[in-house]
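One structure below.
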Amino acid sequence: MRKLKKLGVLALGFTLAFAVAGCAKKDEKKENSVVKVGVVGESNEMWDPVIEELKKEGIEVQLVTFTDYNTPNAALDGGEVDLNAFQHYAYLNKEKENYGYKIDSIGDTFISAMNIYSKKITKLSEIKEGDKVAVPNDATNEGRALKVLEAAALIELNPDAGDSPEVKDITANPFNLELVEVDAANVYALLPDVTIAVINCNYALDNGLNPGKDALFQDSVSIYEGKNYVNLIAARTEDLENEVFKKVVKAYQSDAVKEVYADTFKGSYLAAWEE
């Protein structure tokens, strides 16, 4: 009888040990993190190397695609996603001001290049007196275009205007360039009629230009004084020190992602985290 009791105790011990081991395995599974990242549109190949790299650490990155720019910040603030990556600082700051979102940048990503192109000249030294320059006419893009023209030494701007200058802020125009202001989507169409044009990278790509190879002058993060036009990964303010989210940022800010910028997106995105 004692022997049977002893065997029963041993069996119970093995059962408990097995149960504990089973729980441990379940706990290990729970340690694998899922991070939902809100993005806009379908062209998100830059996240492919991030997803693959973080798999090695048991972190699953899931992209949640939105079709407009109005919902990703609301989704982040409301906890539907853990991070989002679709906007620059100027947009984020305006959203926070308008809606009171408690979200902030956890890391920089890229700046969308606005380059100078031409079908009439092959280098900027061929610019002549009175040449025409096509630029976008909306405040944000025109301000950037003017900064690019200044960086190319074609005009000078009032430094007090910062990163959002207007035409009235031009303090020197040595070539007496004539600015032709049109909707950003129509700047490319004017290339045959102007000497040079400052074109947003998405419209350049849509019209068959290669931002990394076809530009007479290339945009640069260093042109701008602040981060208004730098894109970012955003997190809820309370999560800025989350170690898993920091790993996502580290995996993004890599040479592998820069290769995708250069190859898949033809240089239209410029890495902003090293500036």
Once the angle between the rings of Y91 and H88 is folded into 0 to 90°, is it parallel (under 30°), tilted (30 to 60°) or perpendicular (over 60°)? perpendicular

Under 3.5 Å donor-acceptor, N158 side chain and D169 backbone: no

Could you tell me which non-hydrogen atom of K247 sits nearest to which non-hydrogen atom of I59, and how far apart they are? CD-CD1, 3.8 Å

Using every non-hydrogen atom in the two residues, find where E53 and A251 come nearest and quote the distance to one decimal. CG-CB, 4.4 Å

Treating Q218 as the side-chain partner and G212 as the backbone partner, does any N or O pair qualify as donor plus acceptor under 3.5 Å? yes

Does E150 use its side chain to pair, donor to acceptor, with the backbone of L157 at less than 3.5 Å? yes

Does a side chain donor of either D108 or Y89 reach within less than 3.5 Å of an acceptor in the other side chain? yes

Report yes or no: do L63 and L83 belong to one cluster of Ile/Leu/Val/Met/Phe/Trp/Tyr joined by side chain heavy-atom distances under 4.5 Å? yes

Report the distance from atom CD of E80 to atom OG1 of T71, rounding to the nearest 0.5 Å. 8.5 Å

Path from I199 to Y269 over hydrophobic side-chain contacts below 4.5 Å: no

How long is the straight-line distance from CG of D214 back to CD1 of I116, given to the nearest 0.5 Å? 14.0 Å

Main-chain N/O of N242 paired to D239 side chain as donor or acceptor, under 3.5 Å: no

Starting from W47, can I reach V244 by hopping between I/L/V/M/F/W/Y residues whose side chains sit under 4.5 Å apart? yes

For K96, is there an ion pair with D104 - N to carboxylate O distance below 4.0 angstrom? yes

Under a 3.5 Å distance rule, please check whether T65 uses its side chain to pair with a backbone N or O of V39 as donor and acceptor. no

What pair of heavy atoms forms the shortest contact from T122 to E126, and how long is it? OG1-OE2, 3.0 Å

Shared hydrophobic cluster, Y203 / L190 (ILVMFWY, side-chain heavy atoms < 4.5 Å): yes

Residue from D206, D219, N141 passing side-chain hydrogen bond (donor to acceptor under 3.5 Å, both in side chains) with N200: N141

Working to the nearest 0.5 angstrom, can you tell me the gap between N115 CG and N210 CG? 10.0 Å

Of all heavy-atom pairs linking V34 and D82, the shortest is O-OD2, 3.7 Å

For T109 and L232, indicate whether the former's side chain and the latter's backbone hold a donor-acceptor pair under 3.5 Å. yes

Donor-acceptor contact below 3.5 Å, side chain R236 vs main chain K102: no

Write down the atom of Q87, the atom of N84, and the distance for their closest heavy-atom approach. NE2-OD1, 3.2 Å

Can any side-chain N or O of D77 pair as donor or acceptor with the backbone N or O of A74 at less than 3.5 Å? no

Is a side-chain N or O of D163 found less than 3.5 angstrom from the main chain of G226, in a donor-acceptor match? yes

Test F86 against F66 for ring pair (Phe, Tyr, Trp, His ring centres under 6.0 Å), laying out the working first. CA-CA 10 Å; F86 75 101; F66 295 92; 8.1 Å; no

